[in-house]
Amino acid sequence: MSTDAVTTAAAPPDLTMDDLTRVLFGHAAFQYLNAACELGLLDVLLDDPKLTKPEIGQRLGLDERANDILLLGCTALGLTKKTDGRYEAARVLADMKDNGDLQRLKDTVAFEQYIVYEGQLDFTESLRSNRNVGLRRIRGTGANLYHRLSENPELERVFYTYMRSWSELANRELTRELDLSGAKHLLDCGGGDAVNAIALAKANPHLQVTVMEIPATARITKRRIADEGLSDQIDVVAGDMFNDPFPSQCDVILFAHQMVIWTLEENTHLMRRAYQALPDGGQLVITNSMSNDEGDGPTVAALDSVYFASLPSEGGMIYSWEQHENCMREAGFKNISRKQFSGWTPHGMITGQRS
């Protein structure tokens, strides 16, 4: 039986016409957010609130008409607030600046704009054919998005900048909630640019960490680890986690933001490989976004699933807690436990033990 059960959210209220309008023109709403980030509107108003419309236009270098459009949309959407002819950023944005999350928001916006947005045009066809049709919009020959990124250096930069920011949102709690005091060696499968490995290594100086990544990404991983001065504590193995042997001597195996990419069958396959590689008493850890067991949210999980359906690989979505736990059981793990993280993203952690 799982512990730390996730509280079921209250059912959303009935859809109103205003709600429907925001969905209908949601693509335009996002473009206002992207423009507010790229043109510097958020920075200007957060650094110097209570500016007039002409003052904002001058700061941003926008002609009057363009400035009118930008402020009309941002104010109607609540990104900005107008009082007595003067504008300020929404309180939630000011809070994000205060707690250091504003840049993470910008990184996420850039990821949506330059990687996700175009591919989502194929969402319906992706559902109809049950495959990632939107990948056709990313130049390259790789079988999935991750193998094509190295062929698109600017997209690669945007992607890994975003993944670092998205992971950092969860790592605050991962490092606090994951007890590694008795662990010796952790394997981070598909660890990207080592954002998770670095956070866990710093929080657990006694821990040895290995990151397993595809060769095209391993170069980025090694560089980032070296920049952090952690090459003695973290090493990198270039390989395919679906086919190549897992490094030996690891008593914890971590899949961070991986189980949302693949089908449930592929997830179970990876978990079985982890089970075979772990010693008795070894621990499997999954951390990523989760959806409710009831299949009714949260909203972020639902909206993020459009990306996983359309682009990265031929499988994946923001699966429910229960689906991940079922895969763990099929792979042989016992003592399965779940922990929901706080914050506006639906991140959480599930652990299981080989026994």
Side-chain angles (χ1 to χ4, degrees), residues 146 163 167 170-171 173-226 228-262 266-288 324-325 327-339 348-355:
Y146 311 101
M163 277 306 304
S167 296
N171 282 347
E173 297 201 52
L174 179 64
T175 55
R176 182 170 63 247
E177 298 292 345
L178 180 58
D179 182 6
L180 294 171
S181 58
K184 296 179 180 179
H185 197 154
L186 179 143
L187 172 62
D188 182 4
C189 288
D193 70 347
V195 58
N196 310 297
I198 289 168
L200 291 171
K202 288 182 176 179
N204 300 274
H206 71 282
L207 187 69
Q208 193 68 29
V209 181
T210 297
V211 179
M212 189 174 192
E213 252 300 344
I214 59 175
T217 303
R219 58 186 171 80
I220 300 173
T221 314
K222 292 178 181 178
R223 184 170 65 244
R224 183 69 183 185
I225 293 168
E228 293 287 337
L230 292 171
S231 297
D232 290 339
Q233 190 180 359
I234 307 173
D235 67 327
V236 180
V237 172
D240 177 356
M241 64 184 175
F242 281 96
N243 298 299
D244 292 330
F246 283 4
S248 59
Q249 309 303 317
C250 294
D251 51 357
V252 180
I253 295 181
L254 170 69
F255 291 101
H257 309 286
Q258 284 295 315
M259 298 305 180
V260 292
I261 301 171
W262 320 107
E266 289 171 317
N267 288 348
T268 302
H269 171 71
L270 288 173
M271 293 182 201
R272 285 193 177 115
R273 300 201 78 212
Y275 188 90
Q276 293 164 0
L278 285 167
D280 287 343
Q283 187 176 39
L284 172 66
V285 181
I286 295 171
T287 182
N288 46 236
H324 288 303
E325 290 166 351
C327 291
M328 273 192 176
R329 291 188 186 94
E330 288 184 38
F333 288 94
K334 309 293 184 182
N335 301 323
I336 296 170
S337 177
R338 62 170 75 175
K339 179 69 178 182
M349 176 178 72
I350 304 176
T351 59
Q353 187 178 43
R354 170 169 175 160
S355 57

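- The CZ atom of Arg224 sits 11.5 Å away from the CD1 atom of Ile220 when rounded to the nearest 0.5 Å.
- Test Glu330, Met259, Gln276 against Met271 for side chain to side chain contact (heavy atoms under 4.5 Å, CB included) and you get one pass: Met259.
- Between Met349 and Glu177, some side-chain heavy-atom pair lies under the 4.5 Å cut-off.
- Remark: side-chain polar atoms of Arg354 are paired, donor with acceptor, to backbone N or O of Leu278 under 3.5 angstrom.
- Around the CG atom of Asp232, the shell of radius 6.0 Å holds no more than 12 heavy atoms that belong to other residues, nucleotides or ligands.
- Aromatic ring pairs are classed by plane angle as parallel below 30°, tilted from 30° to 60° and perpendicular above 60°; the pair Phe242 and Trp262 is perpendicular.
- The closest side-chain heavy-atom distance from Lys222 to Ile225 is not below 4.5 Å.
- Note: His185 NE2 to Gln249 CD = 9.0 Å, rounded to the nearest 0.5 Å.
- Side-chain atoms of His206 come within 3.5 Å of backbone atoms of Leu180 as a donor-acceptor pair (strictly under, hydrogens ignored).
- In this structure, OG on Ser167 lies 10.0 Å from CG on Asn288, to the nearest 0.5 angstrom.
- Listed for the His257 side chain is no donor-acceptor partner under 3.5 Å among the backbone atoms of Gly191.
- With rounding to the nearest 0.5 angstrom, the CD atom of Gln283 is 9.0 Å from the CG atom of Asp251.
- Remark: Lys339 NZ to Leu178 CG distance equals 12.5 Å, nearest 0.5 Å.
- Side-chain contact between Leu270 and Glu266 is absent, with no heavy-atom pair separated by less than 4.5 Å.
- At a cut-off of 3.5 Å, with distance as the only test, no side-chain donor of Thr221 or Asp193 sits close to an acceptor on the other residue.
- Residues Pro215 and Gly239 come closest through the heavy atom pair CD-N, 4.3 Å.
- The backbone N or O of Ile336 sits nowhere less than 3.5 Å from a side-chain atom of Arg329 that would complete a donor-acceptor pair.
- Phe246 CZ to Tyr275 OH: the interatomic distance, rounded to the nearest 0.5 Å, is 15.0 Å.
- One N or O on the side chain of Thr287 and one on the backbone of Gly348 form a donor-acceptor pair closer than 3.5 Å.
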